[in-house]
Amino acid sequence: QVQLVESGGGLVQAGGSLRLSCAASGRMISSLTMGWFRRAPGKERELISAINYRGEITYYAESVKGRCTISRNNAQNTVYLQMNSLKPEDTADYYCAARVPSGAAMSSPSYDYWGRGTQVTVSS
């Protein structure tokens with residue numbers, strides 16, 4: 001089992017930046033694909049970024065491409081999502097997730113473990 005705890009959310013003005021962190025426990029994440037999802041009010045959950053176990057391969061949804069950077073520190077069992085040029089439409093609950101590599105595409109939204117989320121609010 002993997003426990004995931006997100007942090008770093010908050011209220012920020014449009015154009016600002018936030019760095020989300022996801023701390024894992026219970027198992028080292030060095031063999032896991034990690035992802036960040038978000039669920040905006042009234043919308044379905046969306047995979048916005050993913051990173052493979054070595055950090056060599058990343059995926060970004062079109063909605064965040066060029067504004068977000070995912071990274072990981074396997075030694076610290078932590079994954080990050082740097083978000084820049086934030087927009088009001090980025091307002092959502094953000095979730096960290098992990099999955100055992102299965103050959104699925106990096107864009108696959110199928111994950112095994114989930115955090116409880118951190119809220120991001122971007123004011124205009």
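Note on Val2 and Val100: same hydrophobic cluster, where clusters join Ile, Leu, Val, Met, Phe, Trp and Tyr whose side-chain heavy atoms are under 4.5 Å apart, directly or indirectly. Placement of Leu47 and Ile29 in two distinct hydrophobic clusters is found when ILVMFWY residues are connected by side-chain heavy-atom separations under 4.5 Å, directly or transitively. One hydrophobic cluster holds both Val64 and Ile51 under the rule that ILVMFWY side chains link at heavy-atom gaps under 4.5 Å. When hydrophobic clusters are built by joining Ile, Leu, Val, Met, Phe, Trp and Tyr residues whose side-chain heavy atoms come closer than 4.5 Å, directly or via intermediates, Tyr111 is grouped together with Tyr59.
Nearest heavy-atom pair, Ala97 versus Phe37, reported as atom, atom and distance to 0.1 Å: CB-CE1, 3.9 Å. Of all the heavy atoms in Leu20 and Gly9, the pair that sits closest is CD2-N, 3.6 Å. The two residues Arg99 and Met106 have their closest heavy-atom pair at NH2-CA, 3.9 Å. The shortest heavy-atom contact between Ser17 and Asn84 is OG-OD1, 2.9 Å.
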Working for side chain to side chain donor-acceptor pair (under 3.5 Å), residues Thr78 and Asn73: CA-CA 5 Å; Thr78 304; Asn73 185 324; over 6 Å; no

Determine, step by step, whether Leu4 and Tyr113 satisfy the side-chain contact (heavy atoms from CB on, under 4.5 Å) criterion, reporting the C-alpha distance in whole Å, the side-chain angles of both residues, the deciding distance to 0.1 Å, and the verdict. CA-CA 8 Å; Leu4 303 171; Tyr113 307 103; 4.3 Å; yes

Go through it in stages, so that I can follow the logic: the residues are Gln119 and Leu11, the test is side-chain contact (heavy atoms from CB on, under 4.5 Å), and I'd like the CA-CA distance, side-chain angles, deciding distance and then a yes or no. CA-CA 8 Å; Gln119 188 173 51; Leu11 174 64; over 6 Å; no

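Rounding to the nearest 0.5 Å gives a distance of 5.0 Å between CG of Leu81 and CD1 of Ile48. Between Ile70 atom CD1 and Ile57 atom CD1 the span is 12.5 Å, to the nearest 0.5 Å. Taking OG1 from Thr118 and CH2 from Trp36, the interatomic distance works out to 7.5 Å, rounded to the nearest 0.5 Å. Asn77 CG to Gln3 CD: the interatomic distance, rounded to the nearest 0.5 Å, is 10.5 Å. Distance OH/Tyr80 to OG/Ser49: 15.0 Å, rounded to 0.5 Å. The structure places CZ of Arg39 at 8.5 Å from CD of Glu44, a figure rounded to the nearest 0.5 Å.
No donor-acceptor distance shorter than 3.5 angstrom exists from the side chain of Arg72 to the backbone of Gly55, with no hydrogens or angles considered. Remark: the backbone N or O of Val122 is paired with a side-chain donor or acceptor of Thr91 at under 3.5 angstrom. For Gln13 (side chain) and Ser124 (main-chain N/O), no donor-acceptor pair under 3.5 Å exists by modelled atom type. The backbone N or O of Cys96 sits less than 3.5 Å from a side-chain atom of Glu6, completing a donor-acceptor pair. Judged by distance alone, the side chain of Asp93 and the main-chain N or O of Ala40 form no donor-acceptor pair under 3.5 Å.
Using a 4.5 Å cut-off on side-chain heavy atoms (C-beta onward), Met83 and Val120 make contact.
For the pair Arg38 and Tyr94, the cation-pi criterion (under 6.0 Å, within 45° of the ring axis) is not fulfilled.
Looking at Asp90 and Arg67, a side-chain N of the basic residue comes within less than 4.0 Å of a carboxylate O on the acidic one, giving a salt bridge.
For the 3.5 Å distance criterion, the side chains of Asn52 and Thr33 fail to qualify, holding no donor opposite an acceptor. Counting only N and O atoms by type, the side chains of Ser63 and Glu46 include a donor and acceptor under 3.5 Å apart.
By the 6.0 Å contact criterion, CD on Glu56 is enclosed, its count of non-hydrogen atoms from other residues, nucleotides or ligands being greater than 12.
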